[in-house]
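One-based numbering, in listed order, for ligands and for the atoms of each.
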Amino acid sequence: MIGIVAVSHSAGLAEAARELALQMVPGDGAPLRVAAGAGTDADGRPILGTDAVLVAAAIDELAARCDGVLVLMDLGSAVMSAELALELRSSDVPVRLVPAPFVEGMLAAAVSASAGAPLEAVAAEAEAALQAKAAHLGEDIAAASGSAGASIAAPAGPETVRVVRVRNALGIHARPAALIAEAAGSADVRLRRLPAGPEAGAASLSRLLALGARAGDEVQVRGSGAGADAAVERIAALFADGFGEEIAAGAGGEGSGTRARPGPDRDVTRARQIPASAAPIDDADAGESPAPDDGAALPPGTVLRGRGVSPGVAAAPVAHPSPAIAEPEPADPLLAAEREAEAARIAPAAAAVAAGFAARAEAASGETRAILDATRLLAADPDLVADAAARVRTEGLSAARAVWEAASAQAEALVGLGGRTAERAADVRDIRNRIVAVLHGREPASVPEREAPFVLVATDLAPSDTAALAGSACAALVTEQGGPTSHTAIIARALGLPAVVAAPGAAGIPDGTLVLVDGETGTVTMDPAEDELAAARAAADARAFDGDGRLADGTPLPLLTNVGGPADAVQAAGAAAQGIGLFRTEFCFLDRAAAPTVEEQTIAYRGVLTPFAGRKVVVRTLDAGSDKPLPFATPEHEENPALGLRGLRVSWRNPALLHDQLRALALAAAEEQAHVEVMAPMVATIEEARDFTAAARAAGLERVGVMIETPAAALMAEELLEVVDFVSIGTNDLAQYAMAADRQHPALGALNDPWQPAVLRLIATIGSAGQTAGAPVGVCGEAGGDPRLAPVLVGLGATSLSMTPRALGRVARALAAVTAEQCRAAADAALEAATAADARAAASAVLR
Ligand code: PEP
Ligand code: MG
């Protein structure tokens with residue numbers, strides 16, 4: 001018998017539909033489970049939403065007694081949760097997600113399943129469930145069940161259908177979407193992410209983005225009418241070519257056949273927004289607090305933290321873009337006789353905005369030009385115009401209000417998809433504001449034009465704003481929103497401007513405030529002191545490292561580097577790093593919806609090992625969770641993700657993930673000349689260390705260690721070193737857990753300080769355990785790259801330090817100036833201090 005899972009945002013809706021369906025079938029009916037809602041709030045009221053873990057549990061429960069499971073979903077994120085559940089489930093019974101109507105499909109599926117039909121037949125029944133209603137109403141079923149967008153018409157006449165695969169690593173982002181739109185020309189072509197993803201007209205950039213199509217996904221391209229054959233072929237060729245972009249490892253070739261049926265084991269295409277990670281700063285003495293949102297001045301020295309997305313340091317007064325277009329007020333509905341003329345104003349306004357972008361693109365080059373071109377297509381999006389015009393006609397909204405609502409809905413849909421797609425929401429809002437400005441006969445908001453250098457600070461910047469900065473006096477960018485792949489970040493890097501995004505409170509910094517922006521550490525310091533400015537300038541001036549870390553007395557102190565993937569490794573090797581002390585493997589797969597295959601992983605790891613032939617590379621197994629959620633590994637809803645199933649604990653739920661990773665690493669190590677060591681993140685017990693060591697050795701990896709990031713592990717360092725070959729101290733997390741202070745919390749920077757005596761004493765415990773065991777003790781948290789702390793860490797027992805490549809020269813210089821004995825004396829002095837400030841002062845008094 002086939003089981004059915006009903007996935008809905010509302011438990012009430014799903015239960016009622018279930019009741020209805022079960023009334024239609026005799027006897028015990030069909031096994032039908034509801035996976036609906038997202039729990040209850042503090043008052044016990046149900047929260048609307050869907051939960052992939054619930055869906056996976058329902059599938060697993062049915063799998064124990066069914067030959068297959070059919071999953072029906074209501075809307076939006078229900079589809080994504082169902083897709084994600086395919087990854088989370090532990091059973092391997094065939095599962096089909098069907099794009100069937102929720103209520104009618106459930107009835108049809110229940111009847112079919114209770115009659116003992118096989119999975120394909122039950123799925124077909126569910127998918128055809130609207131036919132009866134459509135026939136009754138005399139409608140064509142294609143039109144009745146049709147498209148995601150009101151303005152996407154059903155195809156007319158014979159169709160050309162191709163199934164293609166997304167091969168480029170970044171999936172359908174703005175540039176590929178623009179290429180598709182151009183290739184479609186005027187032909188009626190639509191794309192659908194298979195098996196049950198949304199559909200988009202090829203001319204609608206925003207809907208193409210909202211497909212959420214990632215590398216490896218299959219997409220159906222359908223065209224009908226004049227020119228469709230050629231347009232579909234052009235689009236298929238673009239997919240086959242990966243849109244001229246980097247091809248994702250293992251993304252495969254073009255799919256074949258027509259109207260491919262969805263398979264049960266396809267990749268999940270869900271992506272999540274990766275939260276901005278807190279970046280450390282050198283001087284944690286500075287007070288930290290979010291900026292007020294009333295534009296009041298912040299105390300000098302206040303540090304805001306965000307995400308550094310374009311390196312470099314700059315100090316200049318803040319300037320804000322001119323005020324944004326305000327949301328048009330909803331007014332009384334227009335009279336019916338006025339609506340047509342009002343609706344007709346929208347298309348010319350959109351065309352004027354598109355023409356403005358075309359002119360800017362013409363004047364730009366490279367990446368900036370491509371981005372402006374893509375934005376032009378967003379402005380010319382026929383779906384946006386049609387949707388807004390429909391709102392005028394049916395609801396009597398003003399043209400401006402209708403555009404605002406239509407574009408905001410598009411932007412929200414993009415945000416809901418998370419990841420890179422969410423970052424395109426800023427582009428849609430920019431278009432919205434510009435069209436509304438044209439409708440109001442106003443100039444859109446723009447970046448300031450100044451002679452003297454300034455730091456542009458905004459809630460978010462549109463590509464057009466950022467592109468306009470070329471050749472201006474702008475010295476750096478800071479935004480409150482945005483991510484590393486937002487257009488702000490891309491253009492900032494292209495223009496060589498230091499940039500920090502996702503800095504909470506930044507938009508509230510008053511105009512004219514002198515700020516110091518560090519695009520590497522992601523910090524923005526208000527009214528920095530003169531010595532901070534000087535230190536920042538010195539730090540920015542990257543010093544060369546000669547590849548030989550040593551103390552003044554000749555004691556070798558290897559200086560290693562932290563990397564997140566092959567590109568970092570190449571850069572680190574160029575900076576003469578003596579090895580890699582921390583390879584954050586999860587960084588290779590942050591955007592992946594499905595777990596990478598062993599082959600994909602092997603390729604990525606080899607990319608890091610190759611530049612370090614003959615040198616040590618310490619590879620950390622996936623540290624998924626908390627500030628680095630991986631869609632394929634991290635539980636969906638955790639009350640306290642930092643204290644949840646993160647790091648090594650992910651393998652408790654999914655041992656295959658660790659197993660595959662170790663296998664891939666062993667394969668990569670066997671092919672390369674680097675000396676590979678492996679370590680596990682977030683270890684708290686000896687049993688974990690034992691199991692990990694056994695698993696790594698069984699995979700063929702000889703040197704095995706653990707990170708010490710929890711106070712538990714620090715206190716058990718001696719016992720841990722009886723089990724593993726080495727330890728590496730993750731000072732970022734060790735401080736977070738020792739001080740009970742979220743490392744991303746902008747107000748807790750003073751607690752997240754490795755100079756805190758409690759943290760120093762934990763490090764001392766680890767150092768002395770290392771000395772007793774004669775085992776290496778590395779430091780790979782950000783503290784390792786702090787030239788003032790480095791001698792103290794060595795005095796506490798660190799035998800190597802690992803850091804960003806830019807810090808190598810500075811740390812090498814600091815260590816070359818001190819002897820081992822001085823390091824120990826500085827450490828002893830710091831250990832005796834009662835406060836972080838005293839510890840700093842005590843250490844610098846010794847090292848002066
Ligand atoms: C740390 O916690 O110090 C560490 C190096 O790991 P991550 O920053 O990747 O959590
Ligand atoms: Mg850590």
For this session: Could you tell me whether the side chain of Thr525 and the main chain of Pro528 form a donor-acceptor pair under 3.5 Å?
Result: no
For this session: Tell me, yes or no, whether the heavy-atom count around Gln673 atom CD, taken from other residues, nucleotides or ligands under 6.0 Å, exceeds 12.
Result: no
Exercise. Is a side-chain donor or acceptor of Gln578 paired with a backbone partner of Leu559 at a separation under 3.5 angstrom?
Worked result: yes
Problem set entry | Neighbour count >12 (heavy atoms, 6.0 Å) for atom CD, Glu702 | no
Problem set entry | Salt-bridge contact Arg620-Glu586 (side-chain N to carboxylate O under 4.0 Å) | yes
Exercise. Do Arg697 and Asp725 meet the salt-bridge criterion of a basic N to acidic O distance under 4.0 Å?
Worked result: yes
Exercise. Charged N to carboxylate O under 4.0 angstrom, Asp623 versus Arg584?
Worked result: no
Name each N or O atom in ligand 1 that is under 3.5 Å from a protein N or O, and give the partner atom and the distance.
{"unit_1": "ligand 1", "atom_1": "2 (O)", "unit_2": "Glu709", "atom_2": "OE2", "d": "2.9"}
{"unit_1": "ligand 1", "atom_1": "2 (O)", "unit_2": "Asp733", "atom_2": "N", "d": "3.0"}
{"unit_1": "ligand 1", "atom_1": "2 (O)", "unit_2": "Asp733", "atom_2": "OD2", "d": "3.0"}
{"unit_1": "ligand 1", "atom_1": "3 (O)", "unit_2": "Gly730", "atom_2": "O", "d": "3.4"}
{"unit_1": "ligand 1", "atom_1": "3 (O)", "unit_2": "Thr731", "atom_2": "N", "d": "3.1"}
{"unit_1": "ligand 1", "atom_1": "3 (O)", "unit_2": "Asn732", "atom_2": "N", "d": "2.7"}
{"unit_1": "ligand 1", "atom_1": "3 (O)", "unit_2": "Asn732", "atom_2": "ND2", "d": "3.2"}
{"unit_1": "ligand 1", "atom_1": "6 (O)", "unit_2": "Arg620", "atom_2": "NH1", "d": "2.9"}
{"unit_1": "ligand 1", "atom_1": "6 (O)", "unit_2": "Glu709", "atom_2": "OE2", "d": "3.4"}
{"unit_1": "ligand 1", "atom_1": "8 (O)", "unit_2": "Arg584", "atom_2": "NH2", "d": "2.9"}
{"unit_1": "ligand 1", "atom_1": "8 (O)", "unit_2": "Asn732", "atom_2": "ND2", "d": "2.9"}
{"unit_1": "ligand 1", "atom_1": "8 (O)", "unit_2": "Arg743", "atom_2": "NH2", "d": "2.8"}
{"unit_1": "ligand 1", "atom_1": "9 (O)", "unit_2": "Arg584", "atom_2": "NE", "d": "2.7"}
{"unit_1": "ligand 1", "atom_1": "9 (O)", "unit_2": "Arg584", "atom_2": "NH2", "d": "3.3"}
{"unit_1": "ligand 1", "atom_1": "9 (O)", "unit_2": "Arg620", "atom_2": "NH1", "d": "3.1"}
{"unit_1": "ligand 1", "atom_1": "9 (O)", "unit_2": "Arg620", "atom_2": "NH2", "d": "2.8"}
{"unit_1": "ligand 1", "atom_1": "9 (O)", "unit_2": "Lys628", "atom_2": "NZ", "d": "2.7"}
{"unit_1": "ligand 1", "atom_1": "10 (O)", "unit_2": "Lys628", "atom_2": "NZ", "d": "3.2"}
{"unit_1": "ligand 1", "atom_1": "10 (O)", "unit_2": "Asp733", "atom_2": "OD2", "d": "3.0"}
{"unit_1": "ligand 1", "atom_1": "10 (O)", "unit_2": "Arg743", "atom_2": "NH1", "d": "2.9"}

Problem set entry | NZ/NE/NH1/NH2 to OD/OE distance under 4.0 Å, Asp753 and Arg840 | yes
Problem set entry | Tyr605 side-chain N/O to Thr585 backbone N/O, donor-acceptor pair under 3.5 Å | no
Problem set entry | Count of N, O or S atoms belonging to protein, less than 2.8 Å from the Mg ion (ligand 2) | 2
